[in-house]
Visitor: 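Following this message is one structure expressed as structure tokens.
Both backbone and side-chain heavy atoms feed into the values below; hydrogens, waters and symmetry mates do not. It should be emphasised that the depicted structure is a prediction, and the values quoted were computed from it without experimental measurement.
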Amino acid sequence: MTDEPIIIPGVRVCRQNSMNILRQIVGMTGPGSSLTIFSYSVTDGWLRQLLKLRNEMDVRHITLVLDNDVMVRHREKLMQIERVADESYLTDSHAKLYLSESNCNAVAVITSANATNNYRNECYYATDRPEEIGQIRADVRTILEQSFRIGD
């Protein structure tokens, strides 16, 4: 199955895999990018693919933010998360957001897709507009300030 290319800025509803969205936006921001990923849940296979993405595309920093209630039920994933992500947080937010940033570019995707390997009809909004990226960064900071950092 081939995913459609992300159109920026734009709203799409299509059959899409969340890892392929991440690959596309990291490709847009280039080597040395940092990633901030919000998801309600995450699968083991997706975490393995995230580690592979990190190595293949030279991602320098990954922040992973997951739902507290889900992770309490799946504590066994915490060690795997700590191997993949530089920073990990638990929060009550059900946000599903990918933010890829480099020195010269930033792309954000707000999506209905969790961090899983499923292909479903998903909706997403992608942007590289500076004013929207600035607001998303501010929202991310606010949520992280109210979250529990794993490993502290």
Side-chain angles (χ1 to χ4, degrees), residues 1-67 70-71 74 76-91 93-141 143-144 147 150-151:
M1 172 172 284
T2 305
D3 290 309
E4 297 179 24
I6 292 179
I7 298 167
I8 296 179
V11 175
R12 300 287 296 186
V13 177
C14 61
R15 203 156 169 79
Q16 186 70 272
N17 176 292
S18 60
M19 183 55 66
N20 293 341
I21 292 173
L22 260 182
R23 283 188 177 284
Q24 288 183 55
I25 67 171
V26 170
M28 291 174 191
T29 55
S33 297
S34 65
L35 275 174
T36 303
I37 301 164
F38 281 73
S39 183
Y40 177 68
S41 64
V42 64
T43 61
D44 296 340
W46 196 90
L47 286 169
R48 285 190 298 274
Q49 286 185 337
L50 182 59
L51 183 59
K52 184 178 177 182
L53 172 82
R54 173 181 213 148
N55 294 330
E56 287 176 356
M57 301 185 86
D58 189 28
V59 175
R60 69 172 167 78
H61 189 90
I62 296 175
T63 302
L64 190 57
V65 186
L66 299 168
D67 182 79
V70 171
M71 293 314 300
H74 299 283
E76 70 281 357
K77 289 185 186 172
L78 293 177
M79 284 180 52
Q80 187 177 8
I81 289 167
E82 287 183 331
R83 285 189 330 206
V84 176
D86 299 291
E87 294 180 286
S88 306
Y89 294 87
L90 300 180
T91 185
S93 170
H94 286 219
K96 295 167 190 89
L97 165 78
Y98 309 134
L99 176 60
S100 183
E101 300 179 90
S102 67
N103 290 337
C104 55
N105 198 11
V107 177
V109 175
I110 301 165
T111 179
S112 63
N114 280 307
T116 66
N117 295 330
N118 297 324
Y119 274 94
R120 294 190 175 116
N121 287 323
E122 300 285 2
C123 177
Y124 67 86
Y125 174 74
T127 186
D128 64 354
R129 294 176 175 161
E131 66 278 3
E132 292 175 345
I133 295 292
Q135 184 60 56
I136 289 167
R137 283 181 184 131
D139 292 342
V140 165
R141 279 191 304 274
I143 292 170
L144 293 183
S147 300
I150 299 172

Visitor: Taking all atoms of both residues into account, what is the closest heavy-atom pair of D86 and R60, and its distance?
Guide: OD2-O, 3.8 Å
Visitor: At what distance, to the nearest 0.5 angstrom, does CG of D58 lie from CD of E56?
Guide: 11.5 Å
Visitor: So which atom in P9 and which in R129 form the shortest heavy-atom distance, rounded to 0.1 Å?
Guide: CG-NH2, 3.1 Å
Visitor: Should the heavy atoms of other residues, nucleotides or ligands under 6.0 Å from CG of N55 be counted, would the total exceed 12?
Guide: yes
Visitor: Measure the OG1-CD1 distance between T36 and I143 for me, rounded to the nearest 0.5 Å.
Guide: 11.0 Å
Visitor: Between I37 and L50, is there a side-chain heavy-atom distance shorter than 4.5 Å?
Guide: yes
Visitor: Between F38 and Y98, which heavy-atom pair has the shortest distance, and what is it?
Guide: O-CE2, 4.3 Å
Visitor: Is Q49 close to R23 at the side-chain level, that is, under 4.5 Å between some pair of heavy atoms?
Guide: no
Visitor: Hey, are the side chains of L22 and V109 touching, using non-hydrogen atoms and a 4.5 Å cut-off?
Guide: no
Visitor: Between R83 and L51, is any pair of side-chain heavy atoms under 4.5 Å apart?
Guide: no
Visitor: Below 4.5 Å, heavy atoms only, C-beta onward: do I8 and V107 meet side chain to side chain?
Guide: yes
Visitor: Grab the two heavy atoms, one from Y124 and one from P5, that are nearest each other, plus how far apart they are.
Guide: OH-O, 4.1 Å
Visitor: Indicate whether any N or O donor in one side chain lies under 3.5 Å from an N or O acceptor in the other, for Q135 and D139.
Guide: yes
Visitor: Nearest heavy-atom pair of V84 and I62: which atoms, and what distance?
Guide: O-CD1, 4.0 Å
Visitor: Where the side chain of T111 meets the backbone of C123, is there a donor-acceptor pair that is under 3.5 Å apart?
Guide: yes
Visitor: So L66 and I81, side chain to side chain contact (heavy atoms under 4.5 Å, CB included) or not? Walk me through it.
Guide: CA-CA 10 Å; L66 299 168; I81 289 167; 3.4 Å; yes
Visitor: Of the non-hydrogen atoms in D67 and L90, which two are nearest, and what is the gap between them?
Guide: O-CD2, 4.4 Å
Visitor: Give, for atom CD of E87 and atom CD of E82, the distance between the pair rounded to the nearest 0.5 Å.
Guide: 12.0 Å
Visitor: With side chains defined as the heavy atoms from C-beta onward, is the minimum distance between L47 and L64 less than 4.5 Å?
Guide: yes
Visitor: Side chain of N105, backbone of M28: donor and acceptor closer than 3.5 Å?
Guide: yes
Visitor: Please check: side-chain N/O of Q24 versus main-chain N/O of I6, any donor-acceptor pairing under 3.5 Å?
Guide: yes
